[in-house]
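This report concerns only the one structure given below.
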Protein chains: 2
Amino acid sequence: MPWKDGTGPPWLHGKFKGCGYRMTIPRQGILDVLNETADHLSAEDIYHKVHGAYPSIGLTTVYRTLELLVHTGLVYRFDFGDGRARYELAEGPKSIGHHHHLVCTGCGRIIDYTDFIEEEIELLKQTEKGLTKKYKFRVTNHLIQFYGLCEACQGTG
Amino acid sequence: MPWKDGTGPPWLHGKFKGCGYRMTIPRQGILDVLNETADHLSAEDIYHKVHGAYPSIGLTTVYRTLELLVHTGLVYRFDFGDGRARYELAEGPKSIGHHHHLVCTGCGRIIDYTDFIEEEIELLKQTEKGLTKKYKFRVTNHLIQFYGLCEACQGTG
DNA sequence: ATTTATATTGATAATGATTATCATTTCCAT
DNA sequence: ATGGAAATGATAATCATTATCAATATAAAT
């Protein structure tokens, strides 16, 4: 599928219409599902939830729409190592809702954290600037995850 | 498979023997491959390379060994979004070789960078300390990737 | 309103990386 | 040597994701 926004900017820019895409029922439904949850949903999770409201929507469309949303920067795709991708509505790195993840390698639990972000954002901004200069790399997004053991898993040797 | 090092420390600690595992030909061969390259190899890449030296080694063993290596912390597994996992010999975050990745979402190219790490390490150390205190989460590793467009892909709208 | 070109959809099948199974072989401790 | 756990490798199974393709819906043009 040819992307219409090849040079488009990262977050929340020119949504669908601005990019030449149509805002359809399935797409709206999928965005609604993403907007109504704080969880980290897989494609199939989303499919099941959307299906409740619009039973005619197929899994293929969910995957396609997510691909589109990720590409346009409206949605983030994460990999926590359990073999299926997770999706979250994107909020720019400066936004209130922006968070990073703690991934428990024991039980797979994901903890969002938004604390300690202040200094991180500042450092990341500088780092991105340096990377842009040195590698001519235009950064549109970043991924930060901490791996380790959550409280419950530290006891179980 | 039951892990023998349930409470074991993260990096390069107590390698195989210390963990109760045997250092076998296949395992040595896989470690050699990982040690001799700076690339980001997939399981199948590794399989092919190991096969050159030891044709009897099967793909299953490669996967199993990588799983083991990742679990013991000797190897990192990365996901760059192209559907297959990549593996790198682990070096502790303080080590010289430690690097983060720039992932080009245009062509899939991966750029390692080790610059600007100094301040990052310092900040990460503080962040990890805070996370440990607040969430009782014992951090053993972190993942930082920047996504964007490499120089070559910025022209092609 | 009708036509026309294009976008979007959904059912199905295909792909491909990773895992499970299981019989066989290797290795260590006794 | 020998008993038993650990490790291996061939094969089949799993399962998330993609490709295919005919059918439908939409926007723009007439």
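These values consider heavy atoms only, across backbone and side chains, with no hydrogens, waters or symmetry-generated copies. Chain letters run A, B, ... following the sequence lines, proteins first and then strands; every chain starts at 1.
Residues A:E88 and A:H101 have side chains in contact (heavy-atom distance under 4.5 Å, counting atoms from C-beta outward). A:F146 has its side chain within reach of B:T127: a pair of non-hydrogen atoms, C-beta onward, lies under 4.5 Å apart. At a threshold of 4.5 Å between non-hydrogen side-chain atoms, the residues A:Y87 and A:L69 do not count as touching.
Between the CD atom of A:E67 and the P atom of D:dA16 there is a distance of 18 Å, rounded to whole Å. Between B:Y87 atom OH and C:dA17 atom P there is a gap of 12 Å when expressed in whole angstrom units. One interatomic measurement links the two molecules: CG of A:D79 to P of D:dA16, which rounds to 13 Å at whole-angstrom precision. Atoms CE (A:M23) and P (C:dA7) sit 17 Å apart, rounded to a whole Å. What separates CZ of A:R84 from P of C:dT18 is a distance of 15 Å, to the nearest Å. The distance between atom NE2 of B:H71 and atom P of C:dT19, rounded to the nearest whole Å, is 14 Å. At whole-Å resolution of the value, CG in B:L69 and P in D:dA7 are 12 Å apart. Regarding B:D82, its CG atom lies at a distance of 19 Å from the P atom of D:dA16, rounded to whole Å.
Nearest to the side-chain atoms of B:R22 among the listed nucleotides C:dA7, D:dA5, C:dT18 stands D:dA5. For B:A43, the listed nucleotide lying nearest its side chain is C:dT18; candidates were C:dA17, C:dT18, D:dT17. Side-chain atoms of B:R64 lie closest to D:dG9 of the nucleotides D:dG9, C:dA17, D:dT17.
In this structure, the side chain of B:T105 engages the main chain of B:G148 through a donor-acceptor pair within 3.5 Å.
Counting all heavy atoms, side chain and backbone alike, A:E128 lies closest to A:V139 at CD-CG1, 3.5 Å. Annotation for B:C107 and B:C150: closest pair SG-SG, 3.9 Å, computed over non-hydrogen atoms.
Of the two residues near DNA chain C, B:T24 and B:R86, the one whose nearest nucleotide lies more 5' is B:R86. Ranked by how close their nearest DNA chain D nucleotide is to the 5' end, B:I25 and B:G81 are led by B:I25.
Taken residue by residue, residues 46-62 of chain B places heavy atoms nearer than 4.0 Å to DNA chain D at B:S56, B:I57, B:G58, B:T60, B:T61.
The side chain of A:Y63 contributes an N or O atom lying less than 4.0 Å from OP1 or OP2 of D:dT17.
A:K129 is linked by a side-chain hydrogen bond (donor to acceptor under 3.5 Å, both in side chains) to nothing, counting only residues two or more places apart in sequence or in another chain.
Each end of the helix from C:dA1-D:dT30 to C:dT30-D:dA1 gets its own rotation axis from five pairs of C1' atoms, and the angle between them is 30° to the nearest 10 degrees.
Between A:Y47 and A:H51, the angle of the ring planes lies from 30° to 60°, which puts this pair in the tilted group.
Clustering ILVMFWY residues whenever any of their side-chain heavy atoms sit less than 4.5 angstrom apart, transitively, puts B:L123 in a cluster other than the one holding A:L143.
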